[in-house]
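So you know, we letter chains A, B, ... as the sequences are listed, proteins then strands, and number each from 1.
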Number of protein chains: 2
Amino acid sequence: MVEPAPTVPRRRTQQERRETMINRLIDATIAVIAEAGYANASLGVICERSGVSRGGLFRHFDSRLDLMVATAAEVGRRHIVAARQRLADLREPTLIEALRVMRNRHRDVENVVWFELMVASRTDSDLRTRLSETGRQFFAEIVEAARLVPGAELFGEEDLDMLVTSLEHMFDGEAIRREISPDPVAEERRLELVAEFAEFLIMRRLNAAQE
Amino acid sequence: MVEPAPTVPRRRTQQERRETMINRLIDATIAVIAEAGYANASLGVICERSGVSRGGLFRHFDSRLDLMVATAAEVGRRHIVAARQRLADLREPTLIEALRVMRNRHRDVENVVWFELMVASRTDSDLRTRLSETGRQFFAEIVEAARLVPGAELFGEEDLDMLVTSLEHMFDGEAIRREISPDPVAEERRLELVAEFAEFLIMRRLNAAQE
DNA sequence: CCTGTTTGCGACCGAGCGGTTTCTATCTGG
DNA sequence: CCAGATAGAAACCGCTCGGTCGCAAACAGG
């Protein structure tokens with residue numbers, strides 16, 4: 001019993017064929033949304049990019065919306081995995097290190113795609129409906145990941161949620177702005193400012209707890 | 001000499017005809033972008049909304065891009081005018097009042113349209129190029145308007161710019177998020193938090209100046 | 001009032017869109 | 001090895017898009 005010659009591709013199961021196809025499509029969708037935006041991510045360019053035909057695409061996704069929903073779930077997943085990984089890499093991250101991780105995450109394609117989907121959701125009720133559950137889960141997992149940062153234990157769920165959301169908005173806006181008119185000096189100062197503020201908040205909590 | 005009967009519209013100059021036409025088109029464009037987003041603001045719906053024909057539109061704007069650029073200039077103008085007005089209304093605004101003004105501004109149609117245009121700019125190089133000058137001017141005027149807030153005099157141009165930009169990003173993000181999944185409690189807490197932080201910054205500046 | 005110019009209209013155009021259909025290639029279970 | 005099922009390709013469809021064009025109405029100025 002020998003393996004088939006390497007020139008002839010080995011037999012793949014239907015499930016394998018299916019999964020590679022879906023992965024290629026989602027990868028291409030992520031790349032295209034990041035480069036061209038949600039509205040310009042047409043099935044034509046996604047198919048071209050992924051090397052999958054239109055027919056092949058519709059075999060696995062019933063509509064463009066379905067593809068976008070699946071893509072949202074995937075970028076959300078990757079975002080969380082990467083964020084936890086980066087935070088775990090530096091065992092005891094300082095505040096500014098953790099903030100830098102967060103900022104870098106928000107500059108990555110995954111988060112840019114998520115942002116594009118959120119902005120599109122505002123004016124596309126179908127997309128908004130379909131993404132609502134994914135979104136809730138995603139936001140919850142973000143806050144959960146934020147628990148890995150020292151000092152986070154001082155804040156209740158609601159406060160931490162609000163803090164993290166505020167930072168997300170700031171870094172999202174910065175990520176967009178820097179692709180229009182970059183300002184690295186201000187970016188660095190902003191990071192330091194936020195770090196100082198976070199330390200201020202932590203100090204205040206500690207003092208309050210002491211009394 | 002009598003005025004013509006009111007049933008017969010009075011004679012208008014060519015310039016008047018032109019200006020009312022342009023105003024109607026830009027007003028409609030603002031409304032449509034705010035409701036449907038930049039990508040879905042097609043000339044068809046803009047014409048329908050404004051009551052102007054396609055031919056009429058192209059008499060005054062050579063392309064959709066030109067219309068969008070003109071719209072950007074107009075929303076920028078209105079945003080600044082309104083912001084200055086609101087700040088002037090309360091003579092000596094407290095920090096939290098000023099922040100509330102800013103937040104309300106960012107929830108208004110004008111700023112939503114500006115935001116849509118900025119997000120679209122990221123992936124549309126033509127739009128980005130055409131809006132770069134308008135954008136620079138706009139950002140500068142925002143920072144200038146921020147000088148009306150007591151405490152602003154403590155900060156240099158660059159620092160104030162960075163602070164205001166950070167707040168803009170936060171409020172922009174919040175304005176989008178609240179149309180997807182509103183959270184009024186967190187919004188209020190966020191405003192208070194930011195006010196506290198601003199006070200913290202001002203205090204630190206004052207102490208630093210004292211030494 | 002009358003001629004030339006500007007303004008406004010709506011039918012029309014090619015291109016690209018999301019989605020369907022038809023047909024072939026590949027895998028599956030017996 | 002073979003019949004039925006799944007995967008993948010490509011031509012095709014109706015529709016909407018931004019933009020053009022020829023014509024009629026409204027204004028301008030002598």
Please determine if a side-chain N or O atom of B:R18 lies less than 4.0 Å away from the OP1 or OP2 oxygen of C:dT7. yes

Is any side-chain nitrogen or oxygen of A:H60 closer than 4.0 Å to OP1 or OP2 of D:dG8?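 Affirmative; the distance criterion is met.
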
May I ask you to check whether A:H106 and A:H79 place their ring centres under 6.0 Å from each other?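 Yes, the ring centres sit under 6.0 Å apart.
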
Across the strands shown, which category fits A:R64 at heavy-atom distances under 4.0 angstrom: base, sugar-phosphate, nothing? sugar-phosphate

Would you kindly give the [atom1]-to-[atom2] distance between [X] and [N], to the nearest whole Å?
| X | N | atom1 | atom2 | result |
| --- | --- | --- | --- | --- |
| A:L25 | C:dG18 | CG | C1' | 15 Å |
| B:Q15 | C:dT6 | CD | C1' | 13 Å |
| A:D124 | C:dG18 | CG | P | 13 Å |
| B:L67 | D:dC17 | CG | P | 15 Å |
| A:E48 | D:dA10 | CD | P | 13 Å |
| A:M68 | C:dG18 | CE | P | 8 Å |
| B:L57 | D:dT20 | CG | C1' | 13 Å |
| B:F58 | C:dA11 | CZ | C1' | 15 Å |

Among the nucleotides [options], which one has an atom lying closest to any side-chain atom of [X]?
| X | options | result |
| --- | --- | --- |
| B:Q14 | D:dA26, C:dT26, D:dT20 | D:dA26 |
| A:R54 | D:dA9, D:dA11, D:dT20 | D:dA11 |
| A:S42 | D:dG8, C:dG18, D:dG19 | C:dG18 |
| B:L43 | D:dG19, C:dG19, C:dC27 | D:dG19 |

On DNA chain C, does the nearest nucleotide to A:N40 precede the nearest nucleotide to B:R24 from the 5' side, or the other way round? Give the residue. B:R24

Tell me if a side-chain donor or acceptor on A:R107 pairs with a main-chain N or O of A:A175 at a distance below 3.5 Å.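 Not at all, since once roles are kept as given, no pair shorter than 3.5 Å links the two residues.
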
Can you see whether B:Q15 engages B:R18 through a side-chain donor-acceptor pair at a distance of less than 3.5 angstrom?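 Result is no, nothing qualifies.
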
At less than 3.5 Å, do the side-chain atoms of A:R59 and the base atoms of D:dG8 form a donor-acceptor pair?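 Checked by distance alone, the answer is yes.
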
Taking the basic N atoms (NZ, or NE/NH1/NH2) and the acidic carboxylate oxygens, is any pair closer than 4.0 Å for A:R177 and A:E174?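 Salt bridge flag = no for A:E174 with A:R177.
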
A:E192 atom CD, over 12 foreign heavy atoms within 6.0 Å: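 Yes.
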
